[in-house]
Amino acid sequence: MKILEFSRGDSVVVRHRHKGFWGGFLTYFDAIIVKQVGNYGYVIDYYNNEMGRFITDVVENTDVRPPPREIFVSNFDLFDMVDGLDKDGYWKSGTITSTDPSGSIYYVLLDITKETIGFLFSQLRVHQEWDWDNCKWLPSQSKFVSRIRSSKQGTKGSSYAFWV
């Protein structure tokens, strides 16, 4: 596993390990690097929706990655694997199982909790897996590979909130 280096002000995603529920599971949240802490981690700032303010925390470097690359889509299909930005500010992965009659809400069966949650299109992104060997995000479904924005990994700038 390669250790990535980040600088002050870099946008990142941080893996969060939830313990106890369903044997433990992972979610991701968006953060900004404040500074490096020795050889093991970073001080980060992130927005906590429940508290309504930014929080400063220390995380291990193995939990920090650049934001996923932007994959442009105009809609999602049934059974597409996606990440949904929940009300707590965490990205949770799952599979689209249906839409409302207007097509504006996508219902996603979350992988870990097995609950179905409705998301607006703007709250969804194509699910990607982190490849530690090559230090990059890979789409979970091959149909999205041709839609990846090449040289912009790690920068913000699209209609999708908090990710690229």
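If you read the sequence from its start, that first residue is 1, and numbering goes on from there. The model shown is predicted, which means the values in this text are computed figures rather than measured ones.
Side chain of Gln128 to backbone of Trp130: no donor-acceptor contact under 3.5 angstrom is found. Here the side chain of Asp30 pairs no donor or acceptor atom with the backbone of Ser11 at under 3.5 angstrom.
With sequence neighbours excluded, the residues forming a side chain to side chain contact (heavy atoms under 4.5 Å, CB included) with Ile55 are Tyr46, Asn48, Met51, Arg53, listed by chain and number. Partners of Asp10 under the salt bridge (Lys or Arg N to Asp or Glu O under 4.0 Å) rule, at least two apart in sequence or in another chain, do not exist in this structure. Under the rule for a side chain to side chain donor-acceptor pair (under 3.5 Å), the partners of Glu129 that lie at least two apart in sequence or sit in another chain are His127. With sequence neighbours left out, the ring-ring contact (aromatic ring centres under 6.0 Å, His included) criterion links Phe54 to Tyr47. Evaluation of the side chain to side chain contact (heavy atoms under 4.5 Å, CB included) rule for Val34 yields Arg8, Val43, Asp45 as partners, not counting sequence neighbours.
Of all heavy-atom pairs between Val64 and Glu60, the closest is CG2-O, 3.6 Å. Nearest approach of Leu85 to Phe119, heavy atoms of both residues: O-CE2, 3.5 Å. Nearest heavy-atom pair across Gly118 and Ile105 is CA-CG2, 3.7 Å. Summarising the geometry of Phe29 relative to Ile44, their closest heavy-atom pair is CE1-CD1, 3.8 Å, with the distance given to 0.1 Å. Val14 and Ala31 get closest at one heavy-atom pair: CG2-CB, 3.9 Å. Across all their heavy atoms, Val13 and Pro67 have their closest contact at CG1-CA, 4.1 Å.
Heavy-atom neighbours of Asn39 CG from other residues, nucleotides or ligands within 6.0 Å: at or below the threshold of 12.
Distance check, rounded to the nearest 0.5 Å: OH of Tyr42 to CD of Gln36 gives 4.5 Å. With rounding to the nearest 0.5 angstrom, the CG atom of Asp131 is 11.0 Å from the CZ atom of Arg65. Here the CD1-CG distance, from Ile96 to Leu124, works out to 5.5 Å after rounding to the nearest 0.5 Å. Separation of atoms CG (Asn61) and CD (Glu5) is listed at 9.5 Å; rounding is to 0.5 Å.
Taking hydrophobic clusters as Ile, Leu, Val, Met, Phe, Trp and Tyr residues chained together by side-chain heavy-atom distances below 4.5 Å, Leu4 shares a cluster with Ile33. The hydrophobic cluster containing Leu78 also contains Ile71, counting ILVMFWY residues as joined when their side-chain heavy atoms lie under 4.5 angstrom apart, directly or transitively.
Listed by first then second residue, pairs satisfying side chain to side chain donor-acceptor pair (under 3.5 Å) with a partner in residues 96-109 read Asp100-Ser102, Asp100-Ser104, Ser102-Ser104, not counting sequence neighbours.
Partner of Arg125 under the side chain to side chain contact (heavy atoms under 4.5 Å, CB included) criterion, chosen from Val82, Asp83, Val73: Asp83.
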Exercise. Given Val108 and Met81, is the side-chain contact (heavy atoms from CB on, under 4.5 Å) satisfied, shown in steps?
Worked result: CA-CA 9 Å; Val108 177; Met81 294 178 66; over 6 Å; no

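In this structure the side chain of Thr116 reaches within 4.5 angstrom of the side chain of Leu109, judged on heavy atoms. In this structure the side chain of Pro66 reaches within 4.5 angstrom of the side chain of Phe6, judged on heavy atoms.
Relative ring orientation between Phe76 and Phe121 is described as tilted, the plane-to-plane angle lying within the 30° to 60° band.
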